[in-house]
Amino acid sequence: MAENTTPTDTGRTEGNWAVEYDVEAIRIRDPVADALAVLESGDPFVVTYRDVVKAASHSCPTASGAYRIVQLGLDALYPDEFPVRSEVEVLAAGPRDDATYGVMGRLISYVTGAAQEDGFGGLAGGHGDRQNMLTFDAFDADGAVPTFRFRRTDTDETVEVTYHVGDVPDGGPALGNLQQIIEGTASEDERELFADVWHGRVQRVLSDDSLFTVTTIEHSA
């Protein structure tokens, strides 16, 4: 029988990415991973924007906006410690079938673990339960821009993150090359110009805090 020479080192980094982004990773603890010894005790998962791109299958101002929404929300809720999956409830102002809220909600769920009724129910006794931790149409936002709230279930602290997507640069005429790229008729120069402008917009979202507003939500007694 021939020897199996298939590589098994899944920790390898493949060098096939055509773009690099400058943005900090998100670190979040997972009690289930901790209990099952997936990670060293107390260590967090490290979720990068690349991971979110893989989950979305593309990089765009919506995907990068979702990444920054959850990053800013978790930073505000946990300024001095790692956030914890199963202790972060996510509330979306819009419906799940909305093109923006649906995509963003899925990506934010990927990071936080918060899910609807189909989410992971936890280990014995519900340890690490994430079911019913993601709710759409949960509140009325001020305006039509993407808005999410994040609540710590252990302290009830809540923050709201608004993404001023209308302030993202439109990219100009170069974005009109997309149809030719899809059809395979674009020149190499047109492809490169499109990529530069497109990923420049994404990087702007990842690095410009003025595109987001983070507000603490006060709960009435």
Side-chain angles (χ1 to χ4, degrees), residues 7-30 33 38-40 43-76 78-79 82-83 85 90 99-100 102-113 145-146 148 150 161-214:
T8 58
D9 180 8
T10 56
R12 295 178 305 150
T13 300
E14 300 290 352
N16 60 347
W17 285 78
V19 60
E20 295 287 343
Y21 297 107
D22 182 16
V23 62
E24 288 290 323
I26 297 171
R27 290 169 171 79
I28 185 166
R29 286 186 52 225
D30 190 312
V38 174
L39 301 171
E40 294 292 335
D43 281 357
F45 276 123
V46 179
V47 183
T48 68
Y49 179 59
R50 279 191 174 194
D51 293 327
V52 168
V53 170
K54 292 174 188 176
S57 80
H58 64 283
S59 178
C60 68
T62 298
S64 54
Y67 184 84
R68 286 295 283 152
I69 286 172
V70 66
Q71 184 177 52
L72 291 167
L74 294 179
D75 284 350
Y78 296 84
F82 293 129
R85 283 178 173 169
V90 178
T100 297
V103 172
M104 285 188 162
R106 182 176 296 273
L107 297 178
I108 290 171
S109 174
Y110 171 78
V111 176
T112 64
V145 293
F148 286 80
F150 301 87
V161 184
T162 300
Y163 175 27
H164 306 289
V165 65
D167 294 339
V168 178
D170 63 15
L175 296 190
N177 296 339
L178 178 58
Q179 188 59 44
Q180 287 74 28
I181 292 172
I182 293 171
E183 295 170 352
T185 59
S187 67
E188 191 59 32
D189 286 345
E190 288 171 330
R191 289 178 61 87
E192 290 182 2
L193 180 58
F194 173 86
D196 286 346
V197 172
W198 184 265
H199 295 298
R201 295 172 75 226
V202 171
Q203 181 59 60
R204 175 72 176 272
V205 175
L206 293 174
S207 56
D208 188 349
D209 286 350
S210 72
L211 296 174
F212 302 87
T213 300
V214 182

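Sequence positions, counted from 1, serve as the residue numbers for this chain.
- A salt bridge is defined here as a Lys NZ or Arg NE, NH1 or NH2 lying under 4.0 Å from an Asp or Glu carboxylate O, and E24 with R68 fails to meet this definition.
- From H164, atom NE2 reaches atom CG of L211 across 8.0 Å, with rounding to the nearest 0.5 Å.
- Counting heavy atoms from C-beta outward, S109 and V90 have side chains that stay 4.5 Å or more apart.
- For the atom pair CZ of R85 and CG of D30, the computed distance is 5.0 Å after rounding to the nearest 0.5 Å.
- Residues passing the ring pair (Phe, Tyr, Trp, His ring centres under 6.0 Å) test with Y78, sequence neighbours excluded: none.
- Residues M104 and P146 share a closest heavy-atom pair of SD-CB, 3.8 Å.
- The backbone N or O of A174 lies less than 3.5 Å from no partner atom in the side chain of W198, so there is not a single donor-acceptor pair.
- A heavy-atom distance below 4.5 Å is found between the side chains of P61 and V202.
- Side-chain contact check for S64 and Y21: no donor-acceptor pair (N or O, by modelled atom type) lies under 3.5 Å.
- At least one donor-acceptor pair closer than 3.5 Å links the side chain of D51 to the backbone N or O of T48.
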>> I'd like to know whether F194 forms a side chain to side chain contact (heavy atoms under 4.5 Å, CB included) with L175, so could you lay out the CA-CA distance, the side-chain angles of the two residues, the decisive distance to 0.1 Å, and finally the verdict.
In response: CA-CA 6 Å; F194 173 86; L175 296 190; 3.7 Å; yes

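- For D208, the salt bridge (Lys or Arg N to Asp or Glu O under 4.0 Å) criterion is met by R204, not counting sequence neighbours.
- One finds the OG1 atom of T162 at 11.0 Å from the CG atom of L72 (value rounded to the nearest 0.5 Å).
- A distance of 4.5 Å separates CZ in F45 from CG in L39, rounded to the nearest 0.5 Å.
- Closest of all the heavy-atom pairs between G73 and F150 is CA-CD1, 4.0 Å.
- Shown here for R191 and A186, the closest heavy-atom pair between the two residues is CG-CB, 4.0 Å.
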> Given the rule in the side chain to side chain contact (heavy atoms under 4.5 Å, CB included) test, do F82 and I28 qualify, once you have shown the distances and angles that lead to the verdict?
Replying inline: CA-CA 6 Å; F82 293 129; I28 185 166; over 6 Å; no

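- Interatomic distance, E20 CD to Q203 CD, rounded to the nearest 0.5 Å: 10.5 Å.
- Within 6.0 Å of CD on E183 lie more than 12 heavy atoms contributed by other residues, nucleotides or ligands.
- Taking the side chain as every heavy atom from C-beta outward, I181 and E190 never approach each other to under 4.5 Å.
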>> With side chain to side chain contact (heavy atoms under 4.5 Å, CB included) as the criterion, how do L107 and Y67 come out once you've worked through the C-alpha distance, each side chain's angles and the decisive distance to 0.1 Å?
In response: CA-CA 7 Å; L107 297 178; Y67 184 84; over 6 Å; no

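- Heavy-atom minimum distance, A63 versus V52: O-CG1, 4.2 Å.
- In this structure, S59 and Y49 approach most closely via the heavy-atom pair OG-OH, 2.8 Å.
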>> side chain to side chain contact (heavy atoms under 4.5 Å, CB included), that's the test. Do Y163 and V205 meet it? Break it down for me.
In response: CA-CA 9 Å; Y163 175 27; V205 175; 3.5 Å; yes

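- Here the shortest heavy-atom pairing between V46 and A25 reads CG1-CB, 3.6 Å.
- A donor-acceptor pair is defined here as one N or O able to donate and one able to accept, closer than 3.5 Å; no such pair exists between the side chain of R27 and the backbone of D43.
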